[in-house]
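Input: a single structure, listed below in structure tokens.
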Amino acid sequence: MKFTLLRLALALVLLSWLWGPASAENVSFPDFASAIPGHKDVTYLDLARMVIPDLALNADGFYHGGLPIEMRHVAGPDSGGSPPETSSLPNAAVLAIKAGGKDRLTMLFDLGDSPDSAEGYAVLALYDLTGGKPALLDAVNVAVDRSTYFREPNKLSVGAGDDILITMSTHFNSSQGYVITPLIMVRNDKFELIDMIYTFDERLCTYSRKQDIAFKVIADGRPHAAIKVTVTDATIPSGESCDDAAPEASSKDISAIYHWDKKTSRYVAGSDALKRLSAENEKRF
């Protein structure tokens, strides 16, 4: 329990450090024991147990469980590590989406550290609640760093019946924050990775450098609308008295537009600008 509370506290510090106050307009964190709307005899715990079969409330007020069901990593077989043998969590993030013109529910469970990877282990689950009995349609590990959440705006509507999911994985130290933002679509009731955007923030004595992401949906006449991703890279002098001279304030935007490619049935980036930014950031680690 101490580890879980520390993890939650660090997460709150990181979120405020990177973005300041944020709302969770579309994401909720219901108690596992509460009933699912429209299914009075089914609770969120019932859905969670489709992923972690032995999940149960402990005397410490957290829900504890063993290994989750077997699943793939959203980035492919060469990514991710093993799940922790035991996990404890107070709740899960819940987000309703549209996929293939159908109503679907997603739940995101951050299970903690992987025993054989520097990344954590986080399960993104997809449910169908439209039938008489809820069904688990897919589950993937979406952790690409230590702590994983939905990232605002959480989802993007790219058509009348389709949403794109946005998650993020992070870790930070005293002066640096690392964020990886996957864009994930649902096709044929299975999760598919579109791309991952890598950003890097740092605070030094003379200045801070911050990279924020903005998303924009652009209708382009294709089955799925285009997605414009813009990273604003800003350098802000601190005004502090330091040994080194402060750089001048500056800001630049780095963008890429993802268009739906009918031939390959996937989104394709129109430029490598974000990949070049990632390579530049890596040199600053």
- Common cluster, F109/L67, ILVMFWY with side-chain heavy-atom separation under 4.5 Å: no

- Note on the structure: Minimal heavy-atom distance between F62 and D60, with the atoms involved, is N-OD1, 2.8 Å

- Message: Please check this pair: side chain of H73 against backbone of V144, looking for a donor-acceptor N/O pair closer than 3.5 Å.
- Response: no

- 4.5 Å side-chain heavy-atom contact, L277 and V231: yes

- Message: When you group the ILVMFWY residues by side-chain heavy-atom contacts below 4.5 Å and let the links chain together, are I227 and V268 in the same group?
- Response: no

- Task: For the pair D195 and K275, find out whether any cationic side-chain nitrogen is under 4.0 Å from an anionic carboxylate oxygen.
- Result: yes

- Taking it one step at a time, do L165 and N154 satisfy side chain to side chain contact (heavy atoms under 4.5 Å, CB included)? CA-CA 6 Å; L165 291 161; N154 309 315; over 6 Å; no

- Examine the side chains of T232 and D212 and answer whether a donor and an acceptor come within less than 3.5 Å of each other. no

- Message: Under a 3.5 Å distance rule, please check whether D163 uses its side chain to pair with a backbone N or O of K98 as donor and acceptor.
- Response: yes

- Message: Quick test of your reading of the model: are E119 and R146 salt-bridged, counting only N-O distances below 4.0 Å?
- Response: no

- Can you tell me how far OH of Y198 sits from CD of E280, rounded to the nearest 0.5 angstrom? 15.5 Å

- Task: Would you sort out whether Y44 and F32 count as a ring-ring contact (aromatic ring centres under 6.0 Å, His included), showing the intermediate values?
- Result: CA-CA 5 Å; Y44 289 98; F32 279 130; 7.9 Å; no

- Task: Rounded to the nearest 0.5 Å, what's the gap from OG on S157 to CG on D162? Could you check?
- Result: 8.0 Å

- Message: Assess whether a salt bridge exists between E202 and R209, defined as any Lys/Arg side-chain N lying under 4.0 Å from an Asp/Glu carboxylate O.
- Response: no

- Query: Which pair of non-hydrogen atoms, one from L55 and one from A48, has the smallest distance, and what is that distance?
  - Reply: CD2-CB, 3.7 Å

- Message: Is there a continuous path of hydrophobic side-chain contacts, each under 4.5 Å between heavy atoms, that joins L105 to M71?
- Response: yes

- Kindly compute the distance separating CG (L57) from OG (S88), expressed to the nearest 0.5 Å. 11.5 Å

- Item | Heavy-atom pair with the smallest gap, counting every atom of V123 and A139 | CG1-CB, 4.2 Å

- Task: To the nearest 0.5 angstrom, please state how far the CG atom of D233 sits from the OG1 atom of T199.
- Result: 10.0 Å

- Evaluate the side chain to side chain contact (heavy atoms under 4.5 Å, CB included) criterion for residues F191 and L126: first the C-alpha distance (whole Å), next the side-chain angles of each, then the deciding distance (0.1 Å), finally the verdict. CA-CA 8 Å; F191 292 115; L126 180 69; 3.5 Å; yes

- State, yes or no, whether a side-chain contact exists between S251 and T235 at a heavy-atom distance under 4.5 Å. no

- Could you please spell out the steps behind the side chain to side chain donor-acceptor pair (under 3.5 Å) verdict for T206 and D244? CA-CA 7 Å; T206 56; D244 299 324; 5.9 Å; no

- Query: Within a strict 4.5 Å, meaning less than it, do heavy atoms of the I194 and Y258 side chains meet?
  - Reply: yes

- Could you tell me which non-hydrogen atom of G66 sits nearest to which non-hydrogen atom of I52, and how far apart they are? O-CG2, 3.6 Å

- May I ask you to decide if G61's main-chain N or O and N58's side chain share a donor-acceptor pair within less than 3.5 Å? no

- Query: Can R72 and D138 be counted as an ion pair, charged N to O under 4.0 angstrom?
  - Reply: yes

- Query: What about I254 and I218, same hydrophobic cluster or not, with Ile/Leu/Val/Met/Phe/Trp/Tyr joined at side-chain heavy-atom distances under 4.5 Å?
  - Reply: no

- Query: Which word best sums up how the rings of W260 and H224 line up, parallel for under 30°, tilted for 30 to 60°, or perpendicular for over 60°?
  - Reply: perpendicular

- Query: Is the closest side-chain heavy-atom distance between V51 and Y127 below 4.5 Å?
  - Reply: yes

- Item | Gap between atom CG of D272 and atom OG of S278 - 0.5 Å precision | 11.5 Å

- Query: When clusters are formed by joining ILVMFWY residues with side-chain heavy atoms under 4.5 Å apart, either directly or through shared neighbours, do L89 and L45 land in the same one?
  - Reply: yes

- Query: Does S255 use its side chain to pair, donor to acceptor, with the backbone of T230 at less than 3.5 Å?
  - Reply: no

- Message: Before you tell me yes or no, could you show the steps for V186 and E192 under side chain to side chain contact (heavy atoms under 4.5 Å, CB included), namely the whole-Å CA-CA distance, both residues' side-chain angles and the distance that decides it to 0.1 Å?
- Response: CA-CA 6 Å; V186 177; E192 292 185 4; over 6 Å; no

- For the residue pair V94 and P30, establish whether any side-chain heavy-atom pair is separated by less than 4.5 Å. yes

- Query: Taking 4.0 angstrom as the limit, do R222 and D220 come out as a salt bridge?
  - Reply: yes

- Task: Say whether T148 and S169, considering side chains only, have a donor N or O and an acceptor N or O under 3.5 Å apart.
- Result: yes

- Would you say the side-chain atoms of D201 pair up with the backbone N or O of Q211, donor to acceptor, closer than 3.5 Å? yes

- Does a salt bridge link D128 with R104, judged by any charged N lying under 4.0 Å from a carboxylate O? yes

- Does F215 reach the side chain of V217, with side-chain heavy atoms less than 4.5 Å apart? no

- Task: Would you sort out whether N26 and L95 count as a side chain to side chain contact (heavy atoms under 4.5 Å, CB included), showing the intermediate values?
- Result: CA-CA 6 Å; N26 298 314; L95 178 64; 3.5 Å; yes

- Item | S114 backbone acceptor or donor facing S117 side chain under 3.5 Å | no

- Going by heavy atoms in the side chains, are M185 and Y267 under 4.5 Å from each other? yes

- Message: Give me the atom names and distance for the closest heavy-atom approach of A125 to L136.
- Response: CB-CD1, 3.9 Å

- Can you tell if the side chain of M196 reaches within under 4.5 Å of the side chain of I180, non-hydrogen atoms only? yes

- Query: Do side-chain atoms of K102 reach the backbone of T130 as a donor and acceptor pair under 3.5 angstrom?
  - Reply: no

- Consider only side-chain N and O atoms of T43 and D46, and report whether a donor and an acceptor are under 3.5 Å apart. yes

- Looking only at heavy atoms, which two atoms of N141 and G81 are closest? And how far apart? ND2-O, 4.2 Å

- Quick one: CZ on R203 to SG on C205, what's the gap to the nearest 0.5 Å? 13.0 Å

- Query: Is it true that the side chains of T181 and R151 contain a donor and an acceptor less than 3.5 Å apart?
  - Reply: yes

